[in-house]
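Report on the following structure.
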Number of protein chains: 2
Amino acid sequence: MFGIEQLQAFVATVETGSFSAAARRLGKVQSVVSQHIMNLEIDCNATLFERSGRYPTLTNAGSRLLPHAHALLNQHQRLKNSVQALSDITPSEITIALDEGIPFKAVSSIIGELQQIYPQVTLEFLSASSLDIIDLLKKALPLTGVIFSELNIPTYLDYECIGTVCFDLYVAKSHSLSGQTSKSIDSLRLHRQLLIRSKNTQTSSFQLKISPDILYADNYFLLLELTLQGHGWSFLPAHVAHEAVQAGELVKLPMEFEKMHWQANVDVLQHQKNSDLPIFKTLRQLLRNIL
Amino acid sequence: MFGIEQLQAFVATVETGSFSAAARRLGKVQSVVSQHIMNLEIDCNATLFERSGRYPTLTNAGSRLLPHAHALLNQHQRLKNSVQALSDITPSEITIALDEGIPFKAVSSIIGELQQIYPQVTLEFLSASSLDIIDLLKKALPLTGVIFSELNIPTYLDYECIGTVCFDLYVAKSHSLSGQTSKSIDSLRLHRQLLIRSKNTQTSSFQLKISPDILYADNYFLLLELTLQGHGWSFLPAHVAHEAVQAGELVKLPMEFEKMHWQANVDVLQHQKNSDLPIFKTLRQLLRNIL
DNA sequence: ACTTAGTATCGGTAAAAGCGATATGTTTGG
DNA sequence: CCAAACATATCGCTTTTACCGATACTAAGT
């Protein structure tokens, strides 16, 4: 009754568009998928696909079942992932990957505590863009990511929000925007915007283009440098801008419109295969208090 | 691989304490449960139960698997519940059950809108304690509950928080507490407290006894009446106390300690068998904006 | 009309779930 | 200390389910 395989056949059919294609994806023959769907329809006492045309299309009942099927399969995948952690082998080396905009000083504060609890474990830090970090996590390495919240986080990753980092609008002291108070977003469009872009060409979901005239850099310190040199305005995390602002080289643009000053959410990410291991739990626990 | 039945056998064993008892609960024979656990152990590549003694006891690996197994089975149950709503029979009559402390005026504001969308559906309102409402919901009637958040909500119920109701400390004008400003909770212990208790003897999780001298009533209007008559002090929702305060018969005790003035969370509850039906979704949607 | 890609159904095989009987191990209590 | 009571593990056997491959049929494009 409502076996995992039936539901796999169901969502595979929805995603591929046909029973045959679903069968190919699942490595079964078409008749098996057909049967599974039929059994599922009997269990549900409802028709899930409209079969008049060449390709089956979801009925209303099918659409309503789909999210529940997805949820169950996700949970099933999570269970399978977690099982690998049952053997409880504390890895000898774990990596913490930071988005470049995250203040390292905050994160490094936990090193001592972690080493005290797990003295035999080697720690490695690396810096990368959020998207690169998500990419690294696909491989289920013993890696914990600390990134700005992304909209699309794969289902096999566990994540939780641990705080926020404040972003503001900055220009060089010498820049023509520096004197004025921006009353609207339109005044920004008249000047070049300096923006982050990750190494792989995808652009992160939380960076937003405002000006039509854009110049990309691949990390915040380049961005800061470019801003200092007067090439345009940029959003920067407060801790990145802080020093230059103190030195009077950089100015925060006072903003009359609300949205431009915002708190970017910071998430901790771990692969489900790891997130049950004690050392990863401890690490999450420690990271909760750093921001 | 990781079939539903194996996991059912697993949690049944954990909950009943033995394979035999689990088999009895599941309506199977003992050897089947035994086999399921063995297969599960092979799949997990870990021993889940310590079998030295008479009763099997969970190993570490077993304990770590358990929450995942629970989660998957809950999701499975949810799916089975939801399937019954696939036939999409909009019920001809639905009931909205309110905790007595919830302001009816707020809830009744949605009647018009709901009737406009579902003119053929008859509405019924009833008032009961939170625990009684949870009890009613067990039967999967077409019922929506609006209650103060309870700690223990059964897994087959869907719920969401829709806002808060403000509770304060009240006494009659004539009461000896009326003049003074309570500096500490201790001064309250010297007087009789008037408290809610539901019809069934259980006491709700969010009511808290402060004074050793307590008098119970089973709804907020009795409580108000008793308070007005000077029998003691009580926590009352602002909307219940409002009229008597205006009339000068009741006084809100100014509170120097923070915790006594608090926002009670209000939840909407529906049985999973119903929560997917369009009319129940609409109802939830409407209830989100009333507080 | 003919090809292509898909679905439904059938018969047969292999795997899995189920049962009942039995051997064995662990507690409890006389 | 032995026996009764209760558990678990394993075996042979039956039933159910999953799967495959072959075949007949249907929809869509050329």
Side-chain angles (χ1 to χ4, degrees), chain A residues 1-59 61-62 65-66 69 72-73 76 79-80 83, chain B residues 1-59 61-62 65-66 69 72-73 76 79-80 83:
Chain A
M1 206 72 154
F2 295 108
I4 302 291
E5 277 127 359
Q6 293 179 2
L7 295 167
Q8 274 170 338
F10 175 62
V11 310
T13 302
V14 173
E15 283 172 10
T16 60
S18 83
F19 294 169
S20 304
R24 285 191 290 273
R25 170 191 286 193
L26 297 173
K28 312 270 166 79
V29 296
Q30 171 264 327
S31 63
V32 171
V33 173
S34 196
Q35 288 284 3
H36 274 144
I37 302 293
M38 284 168 168
N39 290 333
L40 199 53
E41 287 178 321
I42 291 169
D43 288 346
C44 294
N45 192 32
T47 306
L48 299 175
F49 290 100
E50 173 57 40
R51 290 155 164 94
S52 65
R54 180 176 201 168
Y55 296 98
T57 57
L58 269 182
T59 60
L65 180 62
L66 185 57
L72 187 62
L73 292 180
H76 190 246
L79 189 144
K80 286 196 287 186
V83 156
Chain B
M1 205 75 155
F2 295 110
I4 301 291
E5 276 125 1
Q6 292 179 2
L7 295 167
Q8 274 172 338
F10 174 62
V11 309
T13 302
V14 173
E15 283 172 9
T16 61
S18 84
F19 297 169
S20 305
R24 284 191 289 273
R25 170 194 285 193
L26 297 172
K28 313 266 167 81
V29 297
Q30 171 264 327
S31 63
V32 170
V33 173
S34 196
Q35 287 284 5
H36 274 147
I37 301 293
M38 285 169 169
N39 289 332
L40 200 55
E41 287 178 321
I42 291 169
D43 289 346
C44 295
N45 192 32
T47 307
L48 299 175
F49 290 101
E50 171 57 41
R51 291 159 167 89
S52 66
R54 177 176 202 168
Y55 296 98
T57 56
L58 269 181
T59 59
L65 180 63
L66 185 57
L72 187 63
L73 291 181
H76 190 246
L79 189 144
K80 286 196 287 185
V83 157

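Everything numeric in this text was worked out from a predicted model, so none of it was measured.
Atom CD of A:Gln6 and atom P of D:dC19 are 10 Å apart (whole Å). Nucleotide D:dT17 holds its P atom 11 Å from the CD1 atom of A:Ile42, rounded to whole Å. A:Leu7 has its CG atom 12 Å from the P atom of D:dA18, to the nearest Å. Rounded to whole angstrom, the span from the CE atom of A:Met1 across to the C1' atom of C:dG18 amounts to 18 Å. Remark: P of D:dA18 and CZ of A:Phe19 are 16 Å apart, rounded to the nearest angstrom. Remark: P of C:dA16 and CD1 of A:Ile4 are 16 Å apart, rounded to the nearest angstrom. Between the C1' atom of C:dA17 and the CD atom of B:Gln8 lies a distance of 13 Å, rounded to the nearest Å. Between the NZ atom of A:Lys28 and the P atom of C:dT7 there is a distance of 16 Å, given to the nearest Å.
Comparing A:Arg51 and A:Val29 by the nucleotide of DNA chain D that holds the closest heavy atom to each, the one mapping nearer the 5' end is A:Val29. In terms of position along DNA chain C, the nucleotide closest to A:Tyr55 lies nearer the 5' end than the nucleotide closest to the other residue of the pair A:Tyr55 and A:Gln35.
In this structure, B:Glu5 does not pair ionically with B:Lys28, as no charged nitrogen and carboxylate oxygen lie closer than 4.0 Å.
Between A:His36 and D:dC19, a side-chain N or O to OP1/OP2 separation shorter than 4.0 Å is present. Between C:dG25 and B:Arg54, no contact under 4.0 Å exists linking OP1 or OP2 to a side-chain N or O. Remark: A:Arg24 is in phosphate contact with C:dG6, judged by side-chain N or O atoms under 4.0 Å from OP1 or OP2. Residue B:Ser34 places at least one side-chain N or O under 4.0 Å from the OP1 or OP2 atom of D:dA9.
Looking only at distances, a side-chain donor or acceptor of B:Thr16 sits under 3.5 Å from a matching main-chain atom of B:Ala12. Although no hydrogens or angles enter the test, the distance criterion places no donor-acceptor pair under 3.5 Å between the side chain of B:Gln30 and the main chain of B:Ala23. Within the 3.5 Å criterion, the main-chain N or O of A:Thr57 finds no donor-acceptor partner in the side chain of A:Glu50.
Donor-acceptor pairing under 3.5 Å, judged by distance alone, is present between the side chain of A:Gln30 and the base of C:dA8. Side-chain atoms of A:Ser31 and base atoms of D:dG21 include a donor and an acceptor less than 3.5 Å apart.
The listed nucleotides are D:dT8, D:dC20, C:dT7; the one nearest the side chain of B:Ser20 is D:dT8. Relative to the side chain of A:Glu5, the nucleotides D:dA18, D:dA9, C:dG18 differ in distance, and D:dA18 lies closest.
Sparse packing is recorded around CG of A:Asn45, with 12 or fewer heavy atoms of other residues, nucleotides or ligands lying under 6.0 Å away.
Within the 4.0 angstrom heavy-atom criterion, only backbone atoms of the sugar-phosphate kind lie near A:Ser18; the bases stay farther away.
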